[in-house]
Trainee: 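Sending over a structure as structure tokens; questions will come in a sec.
All figures in this text were calculated on a predicted structure; none of them were measured in a lab.
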Amino acid sequence: MTQTVAALGAAALLLTGCGSDDGSDNASSGKGGSDSAGTRTIKDATGKAVKVPAHPKRIVTLTQEDLDAVLALGVKPVGITNGQGLDKPPAYLADKVKGIDVVGNLLQPVMDKVVAAKPDLILAGDMQDEQVLKQLREITPATVVTMAPTDDWKLTLRGIGNAVGELPKANKVIADHESAAKAAGRKLGADKGAEVSIVRWNPDGPSWMESKQFASGVALEMGLKRPKNQDKDGNAHTPSLSLEKINEIDGDWLFLSTLTSDGEKALKDVQRKPAYKDLGAVKKKHVVTVNGSVWSTRGGPLAADEVMDDISEALSKK
């Protein structure tokens, strides 16, 4: 864990190889350092030098974010894990992963299943368990930690793009998304610049997302704002709030998600209480229930499109 936390956004190192035969800049070429064995040397999100195949054919992803990224890059993995808080792949990616073997839960790979997938590259997300990483590297040394704690989805995508030899495509995916988000924001009409509250309901109460959290970033790209009390610099969420502080989740619009059945039950229970019914967004019928396995994650390009579509659909109905 120490080496990951100390990385300070070191996923940027994924964009730079450890040197190449022709002296070209590896970040701009997306090819990294190469050798005669058909491998390239990159640095992962912890700063560790890793040799990866020049053209990986059998990729296993251990997080939803890794899976989202490779699919957006047009790469189909041979092994995946279930989504965050789920016992199956995330629903928004379900039609794209049919027939792909599931090798475990999020960051909890079943080693026998990983071995059976015969990976030549493992994308290990923000895996911090050194014992698990050691086991994975015994399966293939080309095991890449793709995320540091403060990395946003765009930095992670560029790093993954470099790891799989698709950095130019990663840059295009990001540019296309940013253009689409701005266009979607211009179509919001009367709701341009509205304050949107982004909340995950936990079994013990609601948590609002900080301004640099994934879904918040998408909303801001669309020209929307966060309520003043939620406009906090950070990419995490608050501790669960008590019912007495429920006014902190109010906004022009309220986007609510859950990740567990207990969270769903807690939300249904509180929706019958006067404190919830007194929220301005509730009175205006501006409450939207969204998919927590998309909105409450660290995100990716396909998830970003889902968030953008959810916001556009909700605000355009008004």
Side-chain angles (χ1 to χ4, degrees), residues 1-5 7 10-11 14 39 42-53 56-73 75-94 96-149 151 153 156-157 159-166 214 259-260 292-294 296-303:
M1 179 178 292
T2 301
Q3 98 176 27
T4 304
V5 172
L14 275 162
T39 62
I42 65 171
K43 287 186 179 181
D44 73 3
T46 70
K48 179 181 177 63
V50 183
K51 280 190 176 182
V52 299
K57 302 295 184 186
R58 300 188 63 81
I59 299 172
V60 166
T61 62
L62 299 187
T63 70
Q64 178 174 314
E65 291 82 4
D66 293 319
L67 174 59
D68 185 307
V70 296
L71 291 174
L73 296 173
V75 177
K76 189 172 183 178
V78 297
I80 63 175
T81 53
N82 290 319
Q84 183 172 332
L86 304 173
D87 58 1
K88 57 186 176 181
Y92 79 103
L93 300 176
K96 297 177 175 65
V97 299
K98 289 179 180 177
I100 300 178
D101 291 334
V102 174
V103 300
N105 291 328
L106 177 70
L107 291 175
Q108 295 178 323
V110 178
M111 293 303 167
D112 288 347
K113 293 183 178 181
V114 177
V115 170
K118 299 178 181 178
D120 60 3
L121 176 64
I122 297 174
L123 302 178
D126 56 345
M127 175 69 72
Q128 298 179 19
D129 190 321
E130 289 297 330
Q131 192 60 38
V132 174
L133 284 171
K134 181 181 178 182
Q135 291 178 283
L136 293 170
R137 287 167 180 150
E138 288 172 354
I139 297 171
T140 176
T143 296
V144 179
V145 176
T146 60
M147 292 176 273
D151 291 346
W153 71 265
T156 297
L157 177 64
I160 291 172
N162 189 47
V164 303
E166 295 288 358
F214 159 63
L259 274 176
T260 66
S293 67
V294 174
S296 292
T297 65
R298 294 177 66 166
L302 301 180

Trainee: Is there a side-chain contact between D68 and P301 (heavy atoms, below 4.5 Å)?
Mentor: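 With C-beta onward as the side chain, the pair touches.
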Trainee: Give me the atom names and distance for the closest heavy-atom approach of K51 to A142.
Mentor: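 Closest approach of K51 to A142, heavy atoms only: O-CB, 3.4 Å.
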Trainee: What distance do K118 atom NZ and I139 atom CD1 have between them, rounded to the nearest 0.5 Å?
Mentor: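 One gets 13.5 Å once the value is rounded to the nearest 0.5 Å.
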Trainee: So N82 and P89, do their side chains get closer than 4.5 Å, heavy atoms only?
Mentor: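 Yes, their side chains come closer than 4.5 Å.
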Trainee: Flag the pair M111 / L136 as yes when at least one side-chain heavy-atom distance between them is below 4.5 Å, and no otherwise.
Mentor: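 M111 vs L136: side chains touch.
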Trainee: Which pair of non-hydrogen atoms, one from P109 and one from V132, has the smallest distance, and what is that distance?
Mentor: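 Shortest heavy-atom separation between P109 and V132 comes out as CG-CG1, 4.1 Å.
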Trainee: With rounding to the nearest 0.5 Å, note down the distance linking CG in L73 to CD in E166.
Mentor: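 Going from CG on L73 over to CD on E166, the span is 6.5 Å.
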Trainee: Does I100 reach the side chain of K76, with side-chain heavy atoms less than 4.5 Å apart?
Mentor: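 Yes. Closest side-chain heavy atoms under 4.5 Å.
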Trainee: To the closest 0.5 Å, what do you measure between CG (L93) and OG (S293)?
Mentor: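 So the gap between those two atoms works out to 8.5 Å.
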Trainee: If every non-hydrogen atom of A163 is compared with every non-hydrogen atom of I42, which pair is closest and at what distance?
Mentor: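 Scanning both residues completely, I find the closest heavy atoms to be CB-CD1, 3.9 Å.
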Trainee: Specify the closest pair of heavy atoms between T140 and D120, including all atoms of both residues, with the distance to one decimal.
Mentor: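 What the structure gives for the nearest pair is OG1-O, 3.8 Å.
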Trainee: V103 and side-chain contact (heavy atoms from CB on, under 4.5 Å): which partner among T81, V110, V78?
Mentor: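 That would be T81.
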Trainee: To check you understand the geometry: which heavy-atom pair defines the closest contact between P77 and L71, and what is its length?
Mentor: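 Here P77 and L71 meet closest at CD-CD2, 4.1 Å.
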Trainee: Donor-acceptor check, side chain of E65 to backbone of R298, threshold 3.5 angstrom: yes or no?
Mentor: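 Such a contact is found between E65 side chain and R298 backbone.
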Trainee: I'd like to know if the side chain of N105 reaches the main chain of Q108, judged simply by a donor and an acceptor atom lying under 3.5 Å from each other, with no hydrogens or angles considered.
Mentor: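 Checking the backbone N and O of Q108 against the side chain of N105, no donor-acceptor pair under 3.5 Å is found.
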Trainee: To the nearest 0.5 Å, what is the distance between CG on L62 and CG on L123?
Mentor: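 If we round to the nearest 0.5 Å, L62:CG and L123:CG are 8.0 Å apart.
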Trainee: State, to 0.1 Å, how close V294 and Y92 come at their nearest heavy-atom pair, and which atoms those are.
Mentor: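 That closest heavy-atom pairing would be CG2-CD2, 3.3 Å.
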Trainee: First locate atom OG1 of T146, then atom CG of D126, and finally report the distance between them rounded to the nearest 0.5 Å.
Mentor: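 Reported value, rounded in 0.5 Å steps: 7.0 Å.
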Trainee: Can you tell if the side chain of D66 reaches within under 4.5 Å of the side chain of I59, non-hydrogen atoms only?
Mentor: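 No, every pair of side-chain atoms sits at 4.5 Å or beyond.
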Trainee: Within the structure provided, determine whether M147 and T63 are in side-chain contact (heavy-atom separation under 4.5 Å).
Mentor: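 With C-beta onward as the side chain, the pair touches.
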Trainee: Could you tell me the separation between the OG1 atom of T46 and the CD atom of E130, rounded to the nearest 0.5 Å?
Mentor: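 It comes to 8.0 Å.
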